[in-house]
Amino acid sequence: MSDPVIRTRFAPSPSGHLHVGGARTALFCWAYARGHGGRFVLRIEDTDRARSSDAATTAFVADLAWLGIDWDEGPYYQSQRLEHYHACIARLLDEGRAYRAFETVEELDAARAAVRSGGGGEGDRGGGRGGYRYDRAALQLDAATIEQYLAENRPHVVRFKLPDGDRVITFTDVVRGDIEVPAAELDDFVIQKADGYPTYHFAVIVDDELMGVTHVIRGEEHLYNTARHVLLQEALGFRRPVYAHLSLIFNPDGSKMSKRDKDRAVRAAVHEKKFESPQAGISRDQWDRWLSSKKHQLPAEVTERLAGALGVALPEIEVEDFRRGGYLPEVLVNYLALLGWSPGGDVEKFDAEYLIEHFALDRIIKSPAKFDRDKLLAFNLDALQAMTGEDFRDRLRAHGERYHGEFLRTLGAGKFSMFAGASHARSKTLDDAYRGCGFLVAADDEIVYEQTRAVRKALTGGDPDGYAHLEAMRPVLGAQNDWSIAALEQCVTSYADEHAGGKLGTVAQPLRIAVSGGTVSPAIFDTLAILGRTRVLNRIDRCLATRS
RNA sequence: GACCCCAUCGUCUAGUCAGGUCCAGGACACCAGGUUUUCAUCCUGGGAACAGGGGUUCAAAUCCCCUUGGGGUCACCA
């Protein structure tokens, strides 16, 4: 028999958008399958009915697609595969390798709390979980009692019965090496919840077997869980896949990078600015509950609305955040691949093809990595600058269609191309081009002149001052027929040569302020060209009117 | 707390498995100077690490042990 076809799978739980950590896992699974003539399976682990939503599934399927990660099979939904889990549970029950247990969640919580407090000293907060293990009380129930409970429809779970004896569970992880877990560290864990759904541990081993998964590449949080999976596989006679556990991705401050970071950012701003009233969309109750405890999180939409109202930038955590931020998918892929894997040597810029060809499990980094946004940004800048003008324009348009519709509506194709040309060299992200350029698509009377020192200095400093130059330039520009970038440059430069000692800046800055309201814009000639003569002259007049 | 994993510049890492070619290379960030019509770029130069302590060896970033630090797991969440 020849080697079985390699199969990897990405198996996220559908809650919210795809997180960068998940994206990296997906990327590695995908690259490994693609590089080894294998198949990549997408499976949605939606066995927690409270936390799963169709919207979330749709969202991260879109996120994966944007990254260029495609799959050969699926998406499979575990919620639609209950029959498979039930069949395996029944087998285990029949063989006495699993049993029903009738304790309630409350009872178990109380038991855990008792062990914790009885365990001795005052635990430091958060720590000291204690070593609670299920006491197997349900195993003592006699058949008649169980029969009766069942007849009463008493809710119950199914627990896996750990093999007897002091065995040590061993397995090999390709990144961590041989792992040993004494069975004594485990207890009879739940494999089927009271609602009839399998737990993660159970669904995962059934599906991996049924789907022929040969390589399991997943986050390090699952390393220890693997011992349970190994036991389950043995009990059911399943094959054992190759395991590779990836270390986690952290924030620069060392905390775990998580969706909660957004909530945290908003919370800090709310406290700082003493925001009191609840925001539209949530009740006073919800608001108070959120304020009272860091354990509560606001719905994502509310968090975003709040951030907008408070003027705080939410940290980019999910793939969609980076997309909105104007990062290129190929750059994110490149950067993510580098976080936890290295091709060796000095290579660090590469594309998906390269990753597929070179990605290997034995070069996965063991230690956790911090997510460095500066480096990602630098990579994005490099990729943007390496593009042709046409490519940049097309990408900029695609980004605008999704996030900045007003530019597409206001600027015609010709003006948009000028806008792209003017933005290319100065953009680190696609979004940079739009950010701060609202004046290009605003009406003349919407321009607000910034009241800053830099503005005042450019307008009133020097002799003659900026206003005087504006006043003098106004008829010059009014008489300018050729409104091309080159002609404008010629026109303004020669004015500067004659009246400003050749210092373009003393003329360009007042002009920039007049047409944009501030001191920052694309190159001045491009800006004037995009705006067109009428608007430029209008704005110069409006600016001159602010002269005191 | 128990059990387990990890450890090279501020950050991501190359080098570690097959010890010498490494007074440790690259990238991002930082600092200094320069170019530029603003912002952003761009150019030149610079500082910056083998966590600590013991071993083994002619020789250790590389092998072993301890300490310290960081992380993971301990749910009817995945």
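This structure is a prediction, so every number in the text was calculated from the model and none was measured. Chain naming here is simple, since letters A, B, ... match the order of the sequence lines and numbering starts at 1 in each.
- Across all strands, A/Val190 comes closer than 4.0 Å only to sugar-phosphate atoms, never to a base (heavy-atom distances).
- Among the atoms of the strands shown, only primed sugar atoms or phosphate atoms (P, OP1, OP2) are found under 4.0 Å from some heavy atom of A/Lys256.
- Annotation: cation-pi geometry not satisfied between A/Arg43 and A/Tyr76 (NZ/CZ under 6.0 angstrom from ring centroid, within 45° of ring axis).
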Extract from the structure each pairing of a protein N or O with an N or O of nucleotides 31-36 of chain B at less than 3.5 Å, listing the distance.
none

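- Residues forming a ring-ring contact (aromatic ring centres under 6.0 Å, His included) with A/Phe525 (at least two apart in sequence, or on another chain): none.
- The separation of B/rG70 from B/rA51, taken at their C1' atoms, amounts to 11 Å, rounded to a whole angstrom.
- A distance of about 46 Å separates the P atoms of B/rG45 and B/rC5, rounded to the whole Å.
- In this structure, A/Tyr327 has its ring center no closer than 6.0 Å to that of A/Tyr335.
- Residue contacts for A/His201: at a heavy-atom cut-off of 4.0 Å it reaches a base atom on one of the strands shown.
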>> Strictly under 4.0 angstrom, non-hydrogen atoms only: write out the protein contact profile of nucleotides 37-45 of chain B, one letter per nucleotide from the 5' end, B, S or -.
In response: BBBBSS---
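- A/Ile513 comes within 4.0 angstrom of nothing in the nucleic acid, heavy atoms only.
- The side chain of A/Thr47 places an N or O atom within less than 4.0 Å of a non-bridging phosphate oxygen (OP1 or OP2) of B/rA78.
- For CD of A/Glu152, the number of neighbouring non-hydrogen atoms (other residues, nucleotides, ligands) closer than 6.0 Å is greater than 12.
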>> Protein within reach of the bases, or only the backbone? For nucleotides 8-22 of chain B, mark each nucleotide 5' to 3' as B, S or -, using heavy atoms under 4.0 Å.
In response: ---BBSSS-------
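- Contacts between residues 173-185 of chain A and RNA chain B, defined by a heavy-atom separation under 4.0 Å, are made by A/Arg176, A/Glu185.
- Base pairing annotation: B/rA51 forms a Watson-Crick or G-U wobble pair with B/rU67, both donor-acceptor distances under 3.5 Å.
- Here, B/rU8 and B/rG15 have their P atoms 14 Å apart, quoted to the whole Å.
- A/Thr506 comes within contact range of no nucleotide atom at all, as no heavy-atom separation falls under 4.0 Å.
- Across all strands shown, B/rC3 forms a Watson-Crick or G-U wobble pair, both distances under 3.5 Å, with B/rG72.
- With a cut-off of 3.5 Å on both Watson-Crick or G-U wobble distances, the partner of B/rU11 is given as B/rA27.
- Applying the 4.0 Å criterion to OP1 and OP2 of B/rC77, one finds that A/Lys193 has a side-chain N or O inside that range.
- The aromatic rings of A/Phe160 and A/Phe189 are tilted relative to each other, their planes meeting at an angle between 30° and 60°.
- Between A/Arg112 and B/rC76, a side-chain N or O to OP1/OP2 separation shorter than 4.0 Å is present.
- Seen from the ring of A/Phe379, A/Lys349 counts as a face-on cation partner, given the 6.0 Å and 45° thresholds.
- To the nearest whole angstrom, the two C1' atoms, one in B/rC31 and one in B/rC58, are 42 Å apart.
- The separation of B/rG54 from B/rU68, taken at their C1' atoms, amounts to 14 Å, rounded to a whole angstrom.
- The aromatic rings of A/Tyr495 and A/His469 lie perpendicular to each other, with more than 60° between the two planes, well past the 30° mark.
- Here, B/rC28 and B/rU41 have their P atoms 12 Å apart, quoted to the whole Å.
- The closest side-chain donor-acceptor pair between A/Arg218 and A/Thr226 falls under 3.5 angstrom.
- Taking the six-membered ring wherever Trp is involved, the centroid distance between the rings of A/His424 and A/Phe392 falls below 6.0 Å.
- For the residue pair A/Asp207 / A/Tyr85, a side-chain donor-acceptor distance below 3.5 Å is found, with atom types taken as modelled.
- Screening A/Phe350, A/Phe28, A/Tyr354 for a ring-ring contact (aromatic ring centres under 6.0 Å, His included) involving A/Phe359 leaves a single residue, A/Phe28.
- Heavy atoms of A/His156 sit nowhere under 4.0 angstrom from any nucleic acid atom.
- Remark: A/Asp497 pairs with no residue by the salt bridge (charged side-chain N to carboxylate O under 4.0 Å, His left out) rule, at least two apart or across chains.
- Salt-bridge check for A/Glu106 with A/Arg112: failed, with every basic side-chain N at 4.0 Å or more from each acidic carboxylate O.
- For the pair A/Thr172 (side chain) and A/Asp178 (backbone), a donor-acceptor distance under 3.5 Å is absent.
- Using modelled atom types and a 3.5 Å distance limit, the side chains of A/His229 and A/His201 yield a donor-acceptor pair.
- Nucleotides B/rC64 and B/rG69 have their P atoms positioned 22 Å apart, rounded to a whole Å.
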